Amino acid sequence: MSAEQKLRLGVNIDHVATVRNARGGAYPDPLRAAKMAEEAGADGITAHLREDRRHISDADIEGLMQVLSVPLNFEMAATEEMQKIALRHKPHAVCIVPEKREERTTEGGLEVAREENRLAHYIAPLREAGCRVSIFIAADKRQIDAAHRIGAEVIELHTGAYCDAHAEGDVDARDRELAALREMSAYAHSLGLEVHAGHGLNYETVQPIAAFPEVRELNIGHFIIGEAIFRGLTPAITEMRRLMDEARDG
Ligand code: PXP
């Protein structure tokens, strides 16, 4: 398999910080998890600095920038504060996500179409600073077109609805979501956008997404960190990598 076709795995370490913050101390250390993930074959590390700092902290981002050998995908809301932080650190990639304080996790994709003008101006300095800008959106043609128009290089498709339908055993909804993700991956790729995907993926749901030839990267966190409790972080990542490669080769 050529490097061009290889499906990258970005390991999201937010929830190592969630466990740390439950006691307000120094461990488990997300930086240690990131280095371990790197050694286990992660192609990148993803971390979301939320406005309320409920998991990843400013110091974690600073530490990740210092210790990582693989690229950091810095997830953030499109706020002025986050833009300043991103411009200070200049991570490899910045993924713009919607954020609501009351949500438990990122619930939907970004409404790019409604905020096109503001977002175009918002991402311009990030691109000038050399960050690859990725926009986290639903599998919706309107949003993909808008992400393309504002100059994003990457879109990340939200796989949450597909994963929820799978968990609920709603086969029709799961297949509908999967078909939309498949069609929109191909559409975004045809516009020249690099396509990533993520949210809620686990060992049962990863393979159909990994099999889409246009998808270049999956970002996976919560399930891997949870699974690490039972098998350890390295085996949890190794198994995800194996499933991804199996789906890609098959
Ligand atoms: N991609 C994006 C843009 C996200 O916001 C998240 C969650 O932070 C993920 C991927 C990873 O989702 P999960 O933790 O459910 O695997």
Side-chain angles (χ1 to χ4, degrees), residues 7-19 21 30 33-34 37 42-57 60-61 64 71-79 82 86 91-101 103-112 123 131-139 143 147 152 154-167 177 181 185 188 193-207 209-210 215-229 233 236-237 239-241 243-244:
L7 178 60
R8 294 193 300 261
L9 170 61
V11 174
N12 180 316
I13 50 146
D14 291 352
H15 297 299
V16 178
T18 303
V19 177
N21 295 1
D43 303 289
I45 297 296
T46 294
H48 182 180
L49 184 66
R50 294 187 73 105
E51 270 185 280
D52 62 8
R53 311 298 199 269
R54 71 175 71 154
H55 38 58
I56 293 295
S57 68
D60 292 331
I61 297 294
L64 287 167
L72 174 66
N73 176 34
F74 177 55
E75 282 183 16
M76 60 180 221
T79 64
M82 289 300 154
H92 167 81
V94 170
C95 180
I96 313 283
V97 302
E99 203 175 294
K100 292 196 235 63
R101 271 175 197 261
E103 71 190 357
R104 259 192 294 177
T105 182
T106 313
E107 280 166 3
L110 197 69
E111 247 304 329
V112 199
I123 68 169
C131 302
R132 274 172 84 69
V133 175
S134 165
I135 310 278
F136 188 48
I137 51 178
Q143 305 299 343
V154 183
I155 57 152
E156 179 162 332
L157 291 175
H158 197 314
T159 52
Y162 153 68
C163 292
D164 287 348
H166 174 82
E177 294 295 340
L181 287 162
S185 301
L193 289 160
E194 182 170 310
V195 182
H196 299 177
H199 208 283
L201 293 171
N202 61 27
Y203 294 155
E204 288 181 4
T205 50
V206 73
Q207 289 200 310
I209 305 290
V215 173
R216 293 292 316 279
E217 179 174 309
L218 299 180
N219 285 302
I220 309 178
H222 186 258
F223 176 81
I224 287 178
I225 302 305
E227 190 63 13
I229 295 169
L233 187 56
I237 292 171
E239 176 61 3
M240 191 60 84
R241 177 85 258 171
L243 290 166
M244 286 165 57

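Excluded from the calculations below are hydrogen atoms, water molecules and symmetry mates; all remaining heavy atoms, backbone and side chain alike, are included. Every number for a ligand or one of its atoms is a count from 1 in the order of the listing. Numbering of residues begins at 1 and proceeds along the displayed sequence. Note that the structure is a prediction, hence the values are computed from the model and not measured.
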Under 4.0 Å from ligand 1, counting heavy atoms only, is it the side chain of Thr46, its backbone, both or neither?
->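 It is neither part, as no heavy atom is under 4.0 Å.
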
Q.
Can you tell me which portion of Asn12 lies within the under-4.0 Å heavy-atom range of ligand 1? Options are side chain, backbone, both, or neither.
A.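 Near ligand 1, Asn12 shows its side chain, while the N, CA, C and O stay back.
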
Can [X] and [Y] be counted as having a side-chain donor-acceptor contact under 3.5 angstrom?
X: Thr46; Y: Asn12; answer: no
X: Asn73; Y: Glu75; answer: no
X: Glu194; Y: His196; answer: yes
X: Glu156; Y: His199; answer: no

- Message: Under the criterion side chain to side chain contact (heavy atoms under 4.5 Å, CB included), I'd like the reasoning laid out for Ile220 against Val11: C-alpha separation, chi angles, the key distance, then a yes or no.
- Response: CA-CA 5 Å; Ile220 309 178; Val11 174; over 6 Å; no

- If hydrogens are left out, which of His199, Glu156, His222 has an atom nearest to atom 1 (N) of ligand 1, that is, the closest non-hydrogen atom?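 Nearest option to atom 1 (N) of ligand 1, by heavy atoms: Glu156.
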
Considering Glu99, Glu75, His48 one by one, which has a heavy atom nearer to atom 3 (C) of ligand 1 than any of the others?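 Heavy atom nearest to atom 3 (C) of ligand 1 belongs to Glu75.
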
Pull out every atom of ligand 1 sitting under 4.0 Å from any heavy atom of [X], numbered as shown with elements.
X: Asp14; result: 8 (O)
X: Asn219; result: 10 (C), 11 (C)
X: Gly200; result: 12 (O), 13 (P), 15 (O), 16 (O)
X: Gly221; result: 13 (P), 14 (O), 16 (O)
X: Ile220; result: 16 (O)

- Before signing off on this row, confirm whether Leu201 and ligand 1 have an N or O atom pair separated by under 3.5 Å.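 No; every N/O pair is 3.5 Å or more apart.
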
| said: Checking the N or O distance criterion of under 3.5 Å, is ligand 1 in contact with Val97? | reply: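 Val97 vs ligand 1: no N/O contact under 3.5 Å.
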
Problem set entry | Donor-acceptor under 3.5 Å (Thr205 side chain, Leu201 main chain) |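 Judged by distance alone, no pair lies under 3.5 Å.
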
Please state whether Phe136 comes within less than 4.0 angstrom of ligand 1, counting heavy atoms only.
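In this structure, Phe136 qualifies as a contact of ligand 1 - some heavy atom is under 4.0 Å.
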
Min side-chain heavy-atom separation Pro91-Cys131 under 4.5 Å
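With C-beta onward as the side chain, the pair touches.
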
| task | Quickly, which of Arg8, Arg241, Arg216 forms a salt bridge (charged side-chain N to carboxylate O under 4.0 Å, His left out) with Asp43? Name it, please. | result |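 Result for salt bridge (charged side-chain N to carboxylate O under 4.0 Å, His left out) with Asp43: Arg241.
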
